[in-house]
Amino acid sequence: MKPQKGQILELEITDLSHDGKGVAHLDDFVIFIPGALEGEKVQVQISQVKKHYASGSLVEIIRASKARVKPTCRIYPRCGGCQIQHLGYSGQLVAKEKQVRAALGRIGKLQVPVLPIVGQKEPWHYRNKALLPFAHGSDSKVMLGCFQMGTHTVVDLDHCPIEHPNQKEALVKVKELVEEYGLSIYNEKTGKGLLRHLLIRTGFNTGESLLGLVTTGEPFPQEREFAQRLSALEGVVGVVRNINSKRTNVILGHETQLLWGRPVVYEEVLGLRFAISATSFFQVNTFGMELLYEKVLEAAGEFSLAVDAYSGIGSIALLLAQRCRQVYGIEIIPSAIVDAKANAKLNKLDHAIFLEGKVEEVLPQLLERGLAPDLVVLDPPRKGCEETVLTSIAKSQIPKLVYVSCSPSTLARDLALLAQRGYETKWVQPVDMFPQTYHTECVAKLVKML
């Protein structure tokens, strides 16, 4: 039976979707309801009907789940940053582990050991990076916050409960100074205005913070004086201006200017020190990163020569370099390669070599030229690996793989492709890097079968 738009229904929620929505069925027709939890009975108004599924808004909770909690954040769920704050943390972990198991079975058709999910000791105040859009409120006051879910309407913030506590002081001060200096705010419709986003990067283990003002190319009067006044904030070691004049949803531009202090914040992870610039990719949860990378090292075991594919600023490659004679890192983003080489020098690991280019081109070339690694670590973007990468690995009979994934769906697909090429997945370890959201990271250990 197909529901009609506007229809009000009473439904039993039988599951959570991969993006944290409640799942219900009307006969064989699937309905997704944001804010609903497994085991609940709810009243829903249908808002959208597609060929194979519908979406609805939660009208009333008739029978609540025991796992339901009162959200901590005052603007949840208007903000799109979190999706499952209404689910207690133990329930979040159960749901995420279930999601990984379901993806491996449904998409990969795999029966592999899934280890109990590793959660966070503190599921709040864990993010080391914030990117907050500027806007004007109805009273013309400067706002800094986040986009309302599914829109580009900015919801004003005084603090975010998943960000580092130092962010609160920076938010207040930046708003105050923007008002004082009379700086213009970027308007997406006209393409005019100066200020687009505020960037805050914080080293949890060092206490340092880097502030970045993402602007258009318009003149920024008294920019160095503005930056100097921000330097009084606790822990701030640098203030930069990142210029993005394009009319695009991409937040950061390619040019970054130092206004005060130094252009990097330092962070320490598992005995290594990393310099992180405004545009560097770095895991947003430092303590979660340590848990994740400990599992990567556990899966890697003993090895002599390794390749870190999709190496970013070199975090995994440099951890591997502490344990072997040589590591090759491959990364497509030029600025990340610069950062990776600088971090190798910072940690005196000169046997870590970083190569710029597409993994699907560089890795096959290395293997065809005779490089014989006994370990390859794959840490691709959400879309997963190109099939040519997996084929070249199998062709070279690389004995051991570690696959790090931010998407259980593409992980399942790629593990199935590797299984067809003779690789056995020994285990998959989910790690909760992003409490209060539906996102889950995984580490998988694979070995080549003889």
Side-chain angles (χ1 to χ4, degrees), residues 1-107 133 138 145-156 162 188 249 382-383 406-410 412-413 434-440:
M1 179 180 175
K2 198 171 187 177
Q4 302 299 310
K5 186 175 180 180
Q7 185 177 2
I8 294 178
L9 302 168
E10 285 189 6
L11 299 170
E12 296 277 349
I13 307 301
T14 58
D15 203 353
L16 286 184
S17 66
H18 73 280
D19 56 357
K21 298 183 179 74
V23 178
H25 293 84
L26 187 63
D27 295 330
D28 292 330
F29 202 81
V30 180
I31 303 172
F32 298 104
I33 306 103
L37 295 177
E38 183 177 354
E40 293 187 328
K41 185 175 183 180
V42 297
Q43 190 179 74
V44 176
Q45 184 168 31
I46 302 301
S47 55
Q48 184 182 58
V49 180
K50 298 289 188 179
K51 185 176 181 180
H52 298 295
Y53 70 92
S55 299
S57 57
L58 193 59
V59 176
E60 181 184 353
I61 301 170
I62 299 168
R63 185 186 66 244
S65 165
K66 291 181 180 179
R68 180 175 286 277
V69 297
K70 182 180 179 181
T72 295
C73 182
R74 67 173 180 81
I75 62 171
Y76 178 83
R78 282 189 296 150
C79 165
C82 296
Q83 303 84 37
I84 53 174
Q85 270 195 34
H86 57 288
L87 178 58
Y89 189 54
S90 60
Q92 292 181 27
L93 295 177
V94 169
K96 291 182 180 189
E97 185 179 317
K98 183 179 178 182
Q99 175 196 2
V100 172
R101 294 179 186 276
L104 292 170
R106 186 183 70 255
I107 298 170
S138 57
C146 51
F147 289 124
Q148 188 170 330
M149 191 174 294
T151 75
H152 271 210
T153 301
V154 173
V155 181
D156 197 31
I162 64 171
E188 286 186 334
N249 289 334
R382 184 165 295 276
K383 68 178 182 177
C406 60
S407 169
S409 299
T410 54
R413 180 201 69 199
F434 311 103
Q436 319 310 326
T437 81
Y438 62 76
H439 298 289
T440 308

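Predicted model only: the values in this text are computed from it and were never measured.
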So, the side chain of [X] versus the backbone of [Y]: is there a donor-acceptor pair under 3.5 Å, distance only?
X	Y	value
S55	S47	no
E38	L16	no
Q85	Y76	no
Q92	I84	yes

When you look at NE2 of H18, are more than 12 heavy atoms from neighbouring residues, nucleotides or ligands closer to it than 6.0 Å?
->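 Counting other residues, nucleotides and ligands, NE2 of H18 stays at 12 neighbours or fewer.
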
If you count the non-hydrogen atoms of other residues, nucleotides and ligands that lie under 6.0 Å from NZ in K5, is the total more than 12?
->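 Not buried by this count: 12 neighbours or fewer within 6.0 Å.
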
Residue pair [X] / [Y], side-chain heavy-atom distance below 4.5 Å:
X	Y	result
H86	L58	no
V49	Q4	no
I75	C146	yes
Y53	I31	no
Q436	T72	no
E40	R63	no
V30	H25	yes

Could you list the residues that satisfy side chain to side chain contact (heavy atoms under 4.5 Å, CB included) with A24, not counting sequence neighbours?
->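 Counting only residues at least two positions away or on another chain, A24 forms a side chain to side chain contact (heavy atoms under 4.5 Å, CB included) with L11, I13, I33.
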
For the pair F147 and H152, name the ring-plane relationship: parallel under 30°, tilted 30 to 60°, perpendicular over 60°.
-> parallel

Residues at least two apart in sequence or cross-chain that pass salt bridge (Lys or Arg N to Asp or Glu O under 4.0 Å) with E60, listed by chain then number, are none

